[in-house]
Amino acid sequence: MPELPEVETIRRDLSAGLIGRKIVGVTVNWPKMVQIPSPEAFKQRLTGQTISALDRRGKYLIFQLDSGEVLIIHLRMSGSLLLVRDAEADRYARAVFVLDDDSRLVFRDTRKLGVMWLVEDAEAVVGKLGPEPLDDAFTTRDFAGRLRRHKAPIKAVLLDQSAIAGIGNMYADESLFAAGIHPRRRACDLSNDEIQRLFSGLRRVLKQAIECCGASVSDYRRPGGARGTAQSAFRVAHQKGKPCPQCGTPIERIVIRQRGTCFCPRCQPEDKR
DNA sequence: CCCGGAACCTGAAGGC
DNA sequence: TGCCTTCAGGTTCCGG
């Protein structure tokens with residue numbers, strides 16, 4: 001599942017091949033994917049535009065266009081973006097952007113959950129997101145202030161995109177393990193020391209995953225088709241039943257807010273101390 | 001405001 | 001072997 005490290009990897013991989021390229025053709029095979037505007041207007045307004053920059057906000061990719069408009073893509077569960085040179089048939093290609101150097105950007109998405117927008121102002125789509133966890137402006141104090149407002153389980157707050165942007169199920173579990181915090185602890189009950197550990201653990205986990213070019217657990221592929229390797233460093237995510245790398249206790253899996261949650265019952269005790 | 005649950009989707013995995 | 005059910009989880013929406 002593409003989370004912040006996967007989307008950041010896609011952004012970096014695509015930048016060199018996309019910036020400065022003109023979009024000369026657009027095909028949409030799954031119209032429901034286009035949120036704004038209508039699929040017809042989407043194709044028409046996009047054609048002829050040059051991509052001037054590629055940004056990321058949370059799990060959203062933002063293509064800056066020379067008209068001042070932005071193309072925004074969210075890959076959701078199973079989406080990937082592939083930059084290819086041939087027009088090979090792919091039953092899961094939901095949209096294809098043909099570029100002026102004859103390359104093609106293919107939006108591939110088995111489950112059809114991915115979405116796109118073409119808008120004048122990116123804030124209309126990403127305006128409600130919380131801070132970027134890797135931003136220099138994001139501090140422990142800021143983090144603490146946000147956690148204090150939530151009585152919900154810390155796992156749920158980490159997944160709340162309006163609280164902090166870009167964290168999904170895998171990296172939420174990894175961050176909580178890194179900090180030694182039980183995922184069901186209430187966010188507002190965490191001590192300053194725990195918040196500090198979670199803050200640094202979260203940033204370390206995300207940075208390391210970016211260095212590994214993301215985690216290929218299911219559909220995720222880099223734009224050239226390669227896999228990421230971050231999944232091989234997972235300590236608890238998707239590790240149910242395996243021994244904890246720190247203490248050997250079997251990793252448990254519970255459900256919090258309808259999300260599978262993996263943790264070590266010994267390294268992440270429910271009652272602190 | 002908060003929470004649970006369903007919806008959107010389909011391939012993979014599990015049960016019998 | 002094969003059919004049927006359940007699961008996976010990012011986001012939004014609806015009802016209590």
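Letters A, B, ... are given to chains in the order of the sequence lines, protein chains preceding strands, and every chain is numbered from 1.
A search for side chain to side chain donor-acceptor pair (under 3.5 Å) contacts involving E211(A) returns nothing, not counting sequence neighbours. Residues forming a side chain to side chain donor-acceptor pair (under 3.5 Å) with R184(A) (at least two apart in sequence, or on another chain): none. With sequence neighbours excluded, the residues that form a side chain to side chain donor-acceptor pair (under 3.5 Å) with T140(A) are Q196(A). In this view, Q49(A) and S67(A), E69(A) satisfy the side chain to side chain donor-acceptor pair (under 3.5 Å) rule, not counting sequence neighbours. With sequence neighbours excluded, no residue forms a salt bridge (charged side-chain N to carboxylate O under 4.0 Å, His left out) with R148(A).
The hydrophobic cluster containing V70(A) also includes I36(A), Y60(A), I62(A), I72(A), V115(A), W117(A), V119(A), V125(A), V126(A), L129(A), under a criterion of side-chain heavy atoms closer than 4.5 Å among ILVMFWY residues, counted directly or through chains of members. Other residues sharing the hydrophobic cluster of I256(A), ordered by chain and number and joined by side-chain separations under 4.5 Å: I254(A), F263(A).
Going from atom CD1 of I256(A) over to atom C1' of dG10(C) covers 17 Å, rounded to whole Å. We find that CD of E6(A) is positioned 13 Å from C1' of dG10(C), with the value rounded to whole Å. Between N169(A) atom CG and dA8(C) atom C1' there is a gap of 9 Å when expressed in whole angstrom units. One can place OH of Y220(A) at 19 Å from C1' of dA8(C), the figure rounded to the nearest angstrom. Between R253(A) atom CZ and dC7(C) atom C1' there is a gap of 8 Å when expressed in whole angstrom units. Note: OH (Y60(A)) to C1' (dT12(C)) measures 10 Å, nearest angstrom. Separating the NE2 atom of H74(A) from the P atom of dG10(C) is a distance of 9 Å, rounded to the nearest angstrom.
In this structure, the side chains of Q246(A) and R266(A) stay at 4.5 Å or more apart for every pair of heavy atoms.
Among residue pairs with one or both ends in residues 1-18 of chain A, those qualifying as side-chain hydrogen bond (donor to acceptor under 3.5 Å, both in side chains) are E6(A)-Y171(A), E8(A)-R11(A), E8(A)-R12(A), E8(A)-R56(A), D13(A)-R222(A); sequence neighbours excluded. Annotation: side-chain hydrogen bond (donor to acceptor under 3.5 Å, both in side chains) contacts involving residues 93-108 of chain A, sequence neighbours excluded, comprise R21(A)-D100(A), D90(A)-R108(A), D101(A)-S103(A).
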Convert the base pairs of DNA chain C into dot-bracket notation, remembering that pairs crossing earlier ones are written with [ ] and that bases paired across to another strand are shown as |; include only Watson-Crick or G-U pairs under 3.5 Å.
.|||||||.|||||||

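Separation of the F138(A) and F199(A) ring centroids falls under the 6.0 Å cut-off.
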Base contacts versus sugar-phosphate-only contacts with protein, heavy atoms under 4.0 Å: please encode nucleotides 7-14 of chain B as B, S and - from 5' to 3'.
-BBBS---

Using a cutoff of under 3.5 Å, can you pull out all pairs of nitrogen or oxygen atoms linking the protein to nucleotides 1-3 of chain B, with atom names and distances?
unit_1, atom_1, unit_2, atom_2, d
dC3(B), OP2, R257(A), NH2, 3.1

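Taking atom P in both dC9(B) and dC14(C), one finds a spacing of 16 Å when rounded to whole Å.
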